[in-house]
Amino acid sequence: MSDAPSHAPEKSILPSWVKGPQDFIGGIALMAIAAFALWASSDLQGMHGFSFGAGTAPRMFGILLLALGAAVTVVGVLTEGPRLAVYAWRGPLFVSLAILCFALCIRPMGMVFSAMASFLIAALGTAETQWKETIIVGACLTAFCALLFPYALGLPLQMWPTFLIR
Amino acid sequence: MGDLFSNLGLGFSTVFQFVQWAPPFLGGLSIPIPINILLCLIGALVGTLVGVLPGIGTIATVAMLLPITFGLPPVGALIMLAGIYYGAQYGGSTTSILVNIPGEAGSVVTALDGFQMAKQGRAGPALAIAAIGSFFAGCVATVLIAVLGAPLTKLALAFGPAEYFSLMVLGLIFAVVLAKGSVLKAIAMIVFGLLLSMVGSDIETGASRMSFNIPELADGLGFATVAMGLFGFAEIIRNLDAGGEEDRDLVQQKVTGLMPTKKDLKDSAPAILRGTVLGSILGILPGGGAVIASFAAYTLEKKLSKHPQRFGRGAIEGVAAPESANNAAAQTSFIPLLTLGIPPNAVMALMVGAMTIHGIVPGPQVMQKQPELVWGMIASMWIGNLMLLVINLPLVGIWVRLLRVPYRLMFPSIVVFCSIGIYSVNNAPMDVVLAGVFGLLGYWLIKHDFEPAPLLLGMVLGPLMEENLRRALLISRGDATVFFTRPLSASLMAISAFLLVLALLPALRKKRDEVFVESES
Amino acid sequence: MKLFNRRVAISGLAAVAGFGALATTVQAQEYPTRNITMIVPFAAGGPTDVIARIVAADMSKTLGQQIIIENVVGAGGTTGATRAARAANDGYTIITGHMGTHAAAVPLYPKLAYHPEKDFEPVALLAGTPILILARKDFAPKDLKEFVTYVKANSDKLNMAHAGVGSVSYSSCELLSSVLDIKPTGVPFNGTGPAMNALVGGQVDYMCDQIVNAVPQIKGGTIKAYAIATPDRNPSLPDVPTTTEAGLPKYQASAWNAIFAPKGTPAAITAKLNAAAAKALDDENVKKRLLDLGSDIPKPEARTQAALGELVKSEVAKWSAVLKPAM
């Protein structure tokens, strides 16, 4: 997730006694997730008598994950392991934007717009994209989806932007 | 036995029913049409075509296509729906193999080795063996339903909360065995999955857990949402990394042979057989049996194999076994529905809905009162499986050719299909956003060499495990010994303990195995 | 390729132009001029969905426009109801809610984003599904009177199944406990199917549930029914006495289903929808299909919008008294 470093420097920023940076950071992140879950479920009721409360199981799994994360971290310190992987930014950014765009547009703007827009935004995610071809394929795909989902399958999907209908 | 034959005869005569069709343009000439077979064929075909779209899982496909059957006569509608169901399932497996996007819990396992096979240019054999395995499993399970349907119902009823809890523990052990890397990290992923499954409202008190007042989280994270994120979106993002091109070109150029070789068939035959048996038994258990079927089968193969390190790296048994188990379980999960009228899973609940809309209320007497319906459906299951084979073996070539579509065009299409698929399950835009978040999480997991499959299985099993544990303890008033005093539960626990030992042993000998892998590849 | 491209562009333009023309004529004509979306806040195939689909199909014929069912599932139906409450009040988004979403949800979900009375216009009461008191087939009491004494005496030993907090089954079970003044151990299941499975398998002792799910099991003898919680017996279970006949008149419950529109939807529109729904309920075919489900078709005096408004008011009060707010 975003809390992990987005680039791997040549010289590791981690102290030299960390032999397996990949597991070390991975374990720490799992511990952070577990701690967050424990905090988020802290307001839930625990055991009452013999029966479980709403918070019992989440807390159990949270503590377990905390322990396992610690174990992974220890493994990262003690055993030789791969260094941190390199993260790309372009792919994740544009694919996420495309998904976000679809989610935000589908209700107000309808399917035709959302499908086409998110197709084009996703295509920005790679340098290989050739625009002419991408636009043609995007239009065909949009037309295909528009025919398939609302018409052939009768799904309750709105086709066009709301402001055009009203 | 005589009964069985007369019943099956009734079933097949229902399926092979001809309707006289006299279109005006033929001038009074009427042609007999095998209407139910046609409906079954159309159902299987449409189910496959919709199910194969990435991002649209089995449940979503059946739910989408359900209204199409409303206008048909009841028997025809249910036969068509059965066809849709099998088609959707097979379509889902196709997507798992080709683009690593499982549409339901069962195909997570298929994706493990199926996608690796596709990467090695062996998508054709993987798809074909999935079709053949499913057909075989379908045939066996159909006979099983016809012969043993009623007695097997007792097994479903003998399973109480304690037994289900023990079964889920067993399922978690299976999930550990799935891992191809570090056992410790696999266990951490399972627990992470269990933790994620806790999101949503608690069924006993209704308290909302870790849902941060987001209404879409009130019922928890959907399987489709997380699976599309962790597998679909994460895979795309990873492929876009610099250096990913070579990896992809490999997939596109190396296609060798569409059909399995003799060796493939020889390797898969026992796996298909064992998968069928496991799937048939587990499928009968309502609420979670069928989920476990496919990875139980995978685990069994991995444990029995002389070269377990091949699993997760494109072993054909790793596709054949879970696919057979999955299909057998899909089939036998009709048993509780037909004999008890109780839907064992979400797809079957949709079937019940379809029946009620047609004025048939499924229940214990449906078998006596509407035998042509029940037996017609059983017969159509077999026909449906045959249709799948007929439709899919020729389609293998087309699917494999799809892999040749340049990735720069393929990935935006997958993004769009997945978004539409996730949205259409609940008509909720938030689900699409969540899938995106899980895509980023999946990318991070890949970078840290954590496997997403155990996480997903932990997520599926978590609620079943917690609910059944709590139910069992409520009923026994807090006495935890029920898990060991009830014979069925105790035997499941014993198998779990045995498997756990087996799973941990290789971890202790891990160093040696790794050397082995290196020298082989 | 080029030719194809141009053709796509032209047809796209034509579509946009056609649409513009349509949009201007829309305002002039009378409701409804386009498809109506009906939100069903439950999964396809459930009792409410089936009733909504049967009625909506007939209403579509009357109104001359298709009613499209949109299943918005989640949080005991409140996710869908929240969306309906926030939808435009132009009559093109309506909802089929039920006893849970438009009454019991008020005490169950303290953070509910809508109020059944304040955020909706009552449109039409559809069929209701009566509640039954059910038990495993070898449960000792022979009739409802014995059941009441037995359950009161042994409430700490018995297990009552329900289909999860927020479900109709849960609310009606709680109502029974409050009428009997007992606190049994409630065993939650994830939906009606698994709960019924446990009852048939004898893992739990008794439960309350909607008639739709129970009729085949009762007729098949796998479970038994003590009473039906409506004023009249049900034609699909003529042998099951009403709670009044069997000596527990205070226990009355039916999972009513009704159409609502967002607050502020013009009265002319809701009246038109009400008339279409009433016509649907009088259609012989619709009636037969609803009765086959075991459901209960409201009498003409209960079908008015005002009566539905009153029903919601009284139901909210009734369930608020019974259900303690969940956390």
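Every chain is numbered from 1, with letters handed out A, B, ... down the list of sequences.
Of the listed residues (Leu445(B), Val432(B), Ile236(B), Leu469(B)), the greatest number of heavy-atom pairs within a distance under 4.5 Å of chain A belongs to Val432(B). The choice from Ile190(B), Ile187(B), Leu196(B), Leu194(B) that makes the most heavy-atom pairs within less than 4.5 Å of chain A is Leu194(B). For chain A, the option among Leu53(B), Ile420(B), Val415(B) with the highest count of heavy-atom pairs below 4.5 Å is Ile420(B). Chain A forms more heavy-atom pairs under 4.5 Å with one residue of Gly442(B), Gly436(B), Ala435(B), Ser413(B) than with any other, namely Ser413(B). When each of Leu195(B), Val433(B), Val50(B) is scored by its heavy-atom pairs under 4.5 Å with chain A, the top score falls to Leu195(B).
Here the CZ-OG distance, from Phe233(B) to Ser96(A), works out to 9.0 Å after rounding to the nearest 0.5 Å. The CE atom of Met198(B) sits 11.5 Å away from atom CG of Leu44(A), with the distance rounded to the nearest 0.5 Å. Taking OG1 of Thr126(A) as the start and CG of Asn239(B) as the end, the distance is 10.5 Å to the nearest 0.5 Å. Annotation: the span from Trp444(B) atom CH2 to Ile25(A) atom CD1 amounts to 9.0 Å, rounded to 0.5 Å. Residue Phe192(B) holds its CZ atom at 13.5 Å from CG of Leu64(A), rounded to the nearest 0.5 Å. In this structure, the separation between CD1 on Ile99(A) and CZ on Phe438(B) is 13.0 Å, given to the nearest 0.5 Å.
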List the atom pairs, with distances to 0.1 Å, where a side-chain N or O of residues 105-112 of chain A and a protein N or O form a donor-acceptor pair under 3.5 Å, not counting sequence neighbours.
from	atom 1	to	atom 2	distance (Å)
Arg107(A)	NH1	Tyr423(B)	OH	2.8

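Taking Ile42(B) as the reference, Val46(B), Met80(B) meet the side chain to side chain contact (heavy atoms under 4.5 Å, CB included) condition, with sequence neighbours excluded.
At least one donor-acceptor pair closer than 3.5 Å links the side chain of Gln22(A) to the backbone N or O of Lys447(B).
Relative orientation of the Tyr87(A) and Tyr443(B) rings is perpendicular, given thresholds of 30° and 60° on the angle between their planes.
Only the side chain of Arg470(B) comes within contact range of chain A, with heavy atoms under 4.5 Å apart. The contact between Thr134(A) and chain B is made by backbone and side chain atoms together, counting heavy-atom distances below 4.5 Å. The part of Leu141(A) that comes within reach of chain B is its side chain, from C-beta onward, which places non-hydrogen atoms under 4.5 angstrom from that chain. Using a 4.5 Å cut-off between heavy atoms, Met228(B) does not touch chain A at all. Of the two parts of Leu104(A), neither the backbone nor the side chain holds a non-hydrogen atom closer than 4.5 Å to a non-hydrogen atom of chain B. Looking at Phe94(A), neither its backbone nor its side chain comes within 4.5 Å of chain B, counting heavy atoms on both sides. Of the atoms belonging to Phe24(A), not a single heavy atom falls under 4.5 Å from chain B. For Val72(A), the parts sitting under 4.5 Å from any heavy atom of chain B are the backbone and the side chain alike. Using a 4.5 Å cut-off between heavy atoms, Phe119(A) touches chain B through backbone and side chain atoms alike. Both the backbone and the side chain of Ser419(B) come within contact range of chain A, judged by heavy atoms closer than 4.5 Å.
Ser41(A) is listed as a side-chain neighbour of Met210(B), based on a closest heavy-atom distance under 4.5 Å. Using a 4.5 Å heavy-atom cutoff, the side chains of Lys185(B) and Asp23(A) are in contact.
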